[in-house]
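Positions are given from 1, in the same order as the sequence printed here.
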Amino acid sequence: MASSFTLRTRVVSAAIASALVLSSPAAVLAAPAPVTGVETHVSTDSLVAVPARVNFADAETIGLPALKKIRSEMWDINPPWDHMPLREAAGHEGLDTKEKYVNAVAIDPELTKLAVQRSAEFIPAGGHRYGGLVHTRPFIECSAACLPPSDIPSSENLALAKNDFGNAMYDAIYHQWGHRELKNLQRRDGAFALDSGHLYNLLDPTRRWYGFGSPMVYIDGKWYGSSAAVATSFPLGNSVLEDKEIRDNLYRSALKGETPTGIIAYTEPPEPSEDDHYQEDRGSSASNVIGIIVGIISLLAVVAKVVSPYMHRFGF
């Protein structure tokens with residue numbers, strides 16, 4: 001089965017990062033996305049509806065157990081992480097036992113909403129239409145003055161579901177981002193790289209708060225399974241994730257040349273069929289520093305600053 005990956009490593013600085021915040025003039029007409037509440041950075045008449053089925057509580061009932069399972073098994077294997085044994089790296093963060101390391105992670109509701117939003121954005125922006133998964137949110141424009149007073153270390157994983165929508169979240173965490181990258185992580189001495197970055201992000205001892213989203217999304221007449229994970233070192237919110245399936249439109253910014261739908265009523269698409277199963281596994285990971293504005297979560301647009309000697313190894 002074919003696999004393809006894209007990787008972007010980004011560094012934020014006040015001089016090169018930009019964001020859209022509520023106080024900026026450009027944000028006056030910007031709309032939070034219905035369902036997720038995540039800032040879209042465009043007005044409502046520039047949005048595109050993405051029919052979807054999602055249960056936010058899956059992050060707690062499926063995502064967190066899968067994350068703890070992969071961390072537990074990797075503790076036993078003790079692969080390298082950032083050029084040192086995983087247990088040693090965890091010990092530097094005060095996680096000197098398996099129990100502490102496994103149970104140090106929790107689900108953040110706001111990050112989960114962001115992960116669901118990203119799942120609706122990345123497929124049309126860089127997935128089946130354009131041949132790659134991207135970690136840049138669209139149409140985020142603002143001066144450096146819009147930066148919040150501090151930056152929050154953050155990581156993001158993206159994946160298209162293998163071929164089983166019901167297991168998309170577990171498959172992404174445990175298999176695609178997990179065991180499938182173990183040999184690569186070992187071969188690279190624990191370094192974050194093109195083919196090891198997903199597992200690197202899941203095992204990171206500095207990441208304590210995660211959000212997972214795996215909605216089924218209906219695009220161009222077919223259902224797709226998509227998964228996203230976002231992790232930070234600090235919690236963003238304590239709202240409750242209701243355990244129920246939501247069938248509604250998620251919304252994203254219209255692409256260049258695409259006709260927006262604006263906010264429209266949800267119309268139930270046809271039931272998924274075998275033809276909808278996306279057979280090619282694809283994923284992408286990013287470990288970066290992202291400024292996040294708590295409330296209506298505003299994700300900073302990041303201008304990439306790539307260290308040439310490092311990235312040239314991967315053909316960039």
Side-chain angles (χ1 to χ4, degrees), residues 55-116 118-119 152-159 167-182 184-186 190-192 196-214 227-243 283 285-290 292 294 297:
N55 187 334
F56 287 97
D58 284 349
E60 287 277 7
T61 60
I62 300 175
L64 185 59
L67 176 63
K68 288 187 174 183
K69 183 177 181 180
I70 196 70
R71 285 169 72 102
S72 174
E73 294 176 2
M74 292 301 161
W75 177 275
D76 294 336
I77 296 171
N78 199 28
W81 187 88
D82 204 24
H83 308 293
M84 69 183 76
L86 175 62
R87 295 179 195 172
E88 180 181 342
H92 291 321
E93 300 299 322
L95 308 176
D96 53 4
T97 69
K98 180 178 180 179
E99 182 180 11
K100 288 181 181 179
Y101 175 68
V102 171
N103 294 318
V105 293
I107 294 299
D108 183 278
E110 303 308 317
L111 289 177
T112 295
K113 295 172 187 176
L114 178 56
V116 170
R118 294 291 294 123
S119 294
I152 300 177
S154 159
S155 306
E156 179 183 76
N157 285 355
L158 303 175
N167 294 324
M169 183 178 292
Y170 180 88
D171 179 77
I173 297 169
Y174 187 77
H175 295 293
Q176 280 191 264
W177 300 333
H179 278 283
R180 188 173 299 180
E181 294 195 356
L182 174 57
N184 297 329
L185 191 67
Q186 292 171 324
F192 179 89
S196 62
H198 305 88
L199 183 56
Y200 180 101
N201 286 341
L202 295 181
L203 300 183
D204 191 340
T206 70
R207 302 293 189 256
R208 305 297 177 90
W209 300 92
Y210 285 78
F212 296 107
S214 292
S227 295
V230 185
T232 65
S233 301
F234 308 98
L236 297 185
N238 57 2
S239 59
V240 177
L241 297 174
E242 189 175 1
D243 187 6
S285 60
S287 186
N288 53 344
V289 180
I290 302 176
I292 298 178
V294 182
I297 308 172

**Request:** Could you grab the distance from atom CD1 of I70 to atom CG of L199, nearest 0.5 Å is fine?
**Result:** 6.5 Å
**Message:** Within the supplied structure, the quantity of interest is the number of heavy atoms (other residues, nucleotides, ligands) at a distance under 6.0 Å from E73 CD; does it exceed 12?
**Reply:** yes
**Request:** Run the numbers on F56 and K113 for side chain to side chain contact (heavy atoms under 4.5 Å, CB included), then give the verdict.
**Result:** CA-CA 7 Å; F56 287 97; K113 295 172 187 176; 4.1 Å; yes
**Request:** Could you check if a side-chain atom of R71 sits within less than 4.5 angstrom of a side-chain atom of L202, using non-hydrogen atoms only?
**Result:** no
**Prompt:** For A231, does its backbone N or O pair with a side-chain atom of S155 as donor and acceptor, under 3.5 Å?
**Reply:** no
**Request:** Mark yes or no for whether S72, through its side chain, and K68, through its backbone, hold a donor-acceptor pair below 3.5 Å.
**Result:** no
**Message:** Less than 4.5 Å apart, side chain to side chain, heavy atoms only: is that true for N201 and F192?
**Reply:** yes
**Prompt:** Stepwise, does the side chain to side chain contact (heavy atoms under 4.5 Å, CB included) test hold for E156 with L158?
**Reply:** CA-CA 7 Å; E156 179 183 76; L158 303 175; 3.8 Å; yes
**Request:** Look up atom OG1 in T112 and atom CG in L236, then write down how far apart they are to the nearest 0.5 Å.
**Result:** 10.0 Å
**Prompt:** Would L111 and Y210 satisfy side chain to side chain contact (heavy atoms under 4.5 Å, CB included), going step by step from the backbone distance to the final call?
**Reply:** CA-CA 6 Å; L111 289 177; Y210 285 78; 5.8 Å; no
**Prompt:** Where is the tightest heavy-atom contact between A228 and W177, given as atom of each residue plus distance?
**Reply:** C-CH2, 3.9 Å
**Asked** Does D58 reach the side chain of S214, with side-chain heavy atoms less than 4.5 Å apart?
**Response** no
**Asked** Any donor-acceptor pair under 3.5 Å linking the side chain of S227 with the backbone of F212?
**Response** no
**Item:** Minimal non-hydrogen separation, L203 against L86, with atom names
**Value:** O-CD1, 4.0 Å
**Item:** Side-chain touch Y101/D96, heavy atoms, less than 4.5 angstrom
**Value:** no
**Prompt:** Hey, does the side chain of N103 reach the backbone of E99 with a donor-acceptor pair shorter than 3.5 angstrom?
**Reply:** yes
**Request:** Check step by step if side chain to side chain contact (heavy atoms under 4.5 Å, CB included) holds for K98 and R87.
**Result:** CA-CA 8 Å; K98 180 178 180 179; R87 295 179 195 172; over 6 Å; no
**Asked** Where is the tightest heavy-atom contact between A57 and D243, given as atom of each residue plus distance?
**Response** CB-CA, 3.5 Å
**Prompt:** Is it true that a side-chain atom of E181 and a backbone atom of H198 form a donor plus acceptor pair closer than 3.5 Å?
**Reply:** yes
**Item:** Flag if over 12 foreign heavy atoms under 6.0 Å of CG, D76
**Value:** yes
**Request:** For the pair Q186 (side chain) and P79 (backbone), establish whether a donor and an acceptor sit closer than 3.5 Å, ignoring hydrogens and angles.
**Result:** no
**Rounded distance (nearest 0.5 Å) linking atom CG of N167 with atom CD1 of I62** = 7.5 Å
**Fill in**
Scanning both residues in full, the closest heavy-atom pair of L67 with I173 reads N-CG2, 3.8 Å
**Any donor-acceptor pair under 3.5 Å from R118 side chain to N157 backbone** = no
**Request:** Check whether any side-chain heavy atom of E93 sits under 4.5 Å from a side-chain heavy atom of R208, and report yes or no.
**Result:** yes
**Request:** Mind telling me whether H175 and Y170 have parallel, tilted or perpendicular rings, with 30° and 60° as the class edges?
**Result:** perpendicular
**Item:** cation_pi(K69, Y174) dist<6.0 Å, angle<=45
**Value:** yes
**Request:** Please confirm whether the backbone N or O of Y200 pairs with a side-chain atom of W81, one donor and one acceptor, at under 3.5 Å?
**Result:** yes
**Request:** Compare all side-chain heavy atoms of T232 with those of R207 and state whether any distance is below 4.5 angstrom.
**Result:** no
**Message:** Is there a side-chain contact between P235 and E110 in this structure, where contact means two heavy atoms from C-beta onward sitting under 4.5 Å apart?
**Reply:** no
**Message:** Measuring only between side-chain heavy atoms, which start at C-beta, is N78 closer than 4.5 Å to E88?
**Reply:** no
**Asked** What are the two closest non-hydrogen atoms of G237 and P109, and how far apart are they?
**Response** O-CD, 3.5 Å
**Message:** Ignoring hydrogens, what is the shortest heavy-atom contact between P65 and E60? Give both atom names and the distance.
**Reply:** CD-O, 3.2 Å
